[in-house]
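A short write-up of the structure that comes next.
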Amino acid sequence: MGIVQAAPPAGQTPPPPVFGAAAGVIVPNTRSLTMKLGVLFSGGKDSLFVCWKAMQQEEVACLITIVSRNPESYMFHTPNIHLAALQAEAAGLPLVEVETAGEKEEELLDLKRALIAAREQYGIEGVVTGAILSVYQATRVQRICHELGLWCFNPLWLADQEPYMEELIDAGFRVIIVGVFSSPFDDSWLGREIDRRTLDELRTIAEKYHVTLTGEGGEFETFVIDAPFFTHRIAIEETSKVYRNHNGVLQIGRARLAEK
Amino acid sequence: MILVIDLCYRDGSLSRAEFVAPVERILREAGVPFTTRHHTAIGAPEREGADAVILCGTALRDTGYMERPELFRWLTAFERPVLGISSGMRALAAAFGGGSEPCCEIGMTEIRMLAPDPLFGGREVFSAYTVHEHAVQVPDGFVALAASERCVQAIRHRSLPLYGLLFHPEVRNEWIIERFIDNPHRGLTGRTG
């Protein structure tokens, strides 16, 4: 697929302005074409939620995954990232996957490489991220997008945690916890689905232990097994838990697509 | 009533949640009534009903609002408090004849005050989140209030309560927006001085 250049409003032929005499309102001439976007994708709830949001406004052309070999990666480490391709298939979207050694600044070059590949293969004009609070992450993605002339969207930026989690559940996302990295989460949390009952418990924990309701502070990691735009759901067939000292991961050994 | 103005490329755009919703949240939490309109949909009723205006920012590549300067000319006769944030500062400055020049800053930046102003409550240095490709040339009738190492970061009209901030106060500096809406002289929250 060829490169599709971004079409900023400057490049469009605007309709003639119409002046509403009564109210003094000027009829909009703003951008009407949809943009092709790539979504930075970890397999967790935030990236798939913003993908869903982006689909409502623009065209999501591909998902973009950075697979880090460094478990300490600030930007990209995620349990079960090896299942990103299965999730992309469930979403009916192509996946651009780039591996990184996960060295602190090197991985940003790998991200840049992934965005260039996404632009070349799918003509993306912009990037969507699931950043909520992390200025560190948002800044780095913004800088790379700026270098490449890509738009950058952060639809969850500074989002209220409570309405976000409510909307996630109401919209039909099915999300399980696959990593816990802080007290008081014990191994019973691994594999739990974030439904209304779990959300109530998370709410209590968030208040008592001053952790974020969304896990944005790195307290827990999630994996999406179904989303409103998935054509299939993910059926998990084999898992194993590794847990010690309030740190644990649910490794998904085998999973497949299943009818919804 | 505060009129919050969305400068993004389309009404209800994908950028709205990033640049408008955080400002709305601060107003909501402060209990201040507000209404939000896209910059292409501001008519006489919106202008006349507004006690103050907040012009929100846009994505880095989103500069469509600059192609319609006539949409912001009413600000020169508004005379009530205005807070222009990032792109909003650029639109405010442009309405008063101020140009802009390339200056890219992305990330946390140190802001130093150049002149005291009640909006900043005596703070002299603070760190702020910036996402911009252009800086504003201070228009006639305005003074520079603060700057980073690279460019002017805050301006105020010499006689009217019109402010422009190049950084994003809604990120880690919510106190500035709270001071803007709380100032009893502005009467926005129904309090008296």
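This one's a predicted model, so the numbers in the text were calculated from it and none came from an experiment. So you know, we letter chains A, B, ... as the sequences are listed, proteins then strands, and number each from 1. Below, each value reflects all heavy atoms present in this structure, side chains not excepted, and no hydrogens, waters or symmetry copies.
With chain B as partner, the option from A:Val50, A:Asn154, A:Leu156, A:Asp160 having the largest number of non-hydrogen pairs under 4.5 angstrom is A:Asn154. Note: A:Pro155 leads A:Ala138, A:Ala159, A:Gly126, A:Pro155 in heavy-atom pairs under 4.5 Å with chain B.
A donor-acceptor pair under 3.5 Å is absent between the side-chain atoms of A:Gln57 and the main chain of B:Ser15, judged by distance alone. In this structure, B:Arg25 contributes its side chain and A:Leu158 its backbone to a donor-acceptor pair below 3.5 Å. Looking at B:Arg10, its side chain does come within 3.5 Å of a backbone N or O of A:Leu33 through a donor-acceptor pair. Without hydrogens or angle criteria, B:Glu18 side chain to A:Trp157 main chain gives no donor-acceptor distance under 3.5 Å.
Ring geometry for B:Tyr9 versus A:Trp151: interplanar angle over 60°, hence perpendicular rather than tilted (30 to 60°).
Crowding of B:Glu149 atom CD: a count of heavy atoms from other residues, nucleotides or ligands under 6.0 Å not exceeding 12. Within 6.0 Å of the CD atom in A:Glu106, the count of heavy atoms belonging to other residues, nucleotides or ligands does not exceed 12. Within a 6.0 Å radius of CG in A:Asp200, more than 12 heavy atoms belonging to other residues, nucleotides or ligands are found. Annotation: B:Arg112, atom CZ; neighbour count of heavy atoms from other residues, nucleotides and ligands within 6.0 Å does not exceed 12.
Here A:Arg143 contributes atom CZ and B:Leu60 contributes atom CG; the two are 11.5 Å apart, rounded to the nearest 0.5 Å. Distance check, rounded to the nearest 0.5 Å: CD1 of B:Ile106 to CZ of A:Arg140 gives 11.5 Å. Once rounded to the nearest 0.5 Å, the distance linking CD of B:Glu105 with OG1 of A:Thr139 reads 12.0 Å.
A:Leu150 touches chain B through its backbone: at least one of N, CA, C or O sits under 4.5 Å from a heavy atom, while the side chain does not. Looking at B:Ser13, the atoms closer than 4.5 Å to chain A (heavy atoms on both sides) all sit in the backbone: N, CA, C or O. The part of B:Glu133 that comes within reach of chain A is its side chain, from C-beta onward, which places non-hydrogen atoms under 4.5 angstrom from that chain. In this structure, chain A has no heavy atom under 4.5 Å from any part of B:Ala21. For B:Arg16, no part lies under 4.5 angstrom from a heavy atom of chain A.
A:Cys152 approaches B:Ala59 most closely through the heavy-atom pair O-CB, 4.1 Å. Smallest separation of non-hydrogen atoms from A:Glu58 and B:Leu14: CG-CD2, 4.3 Å.
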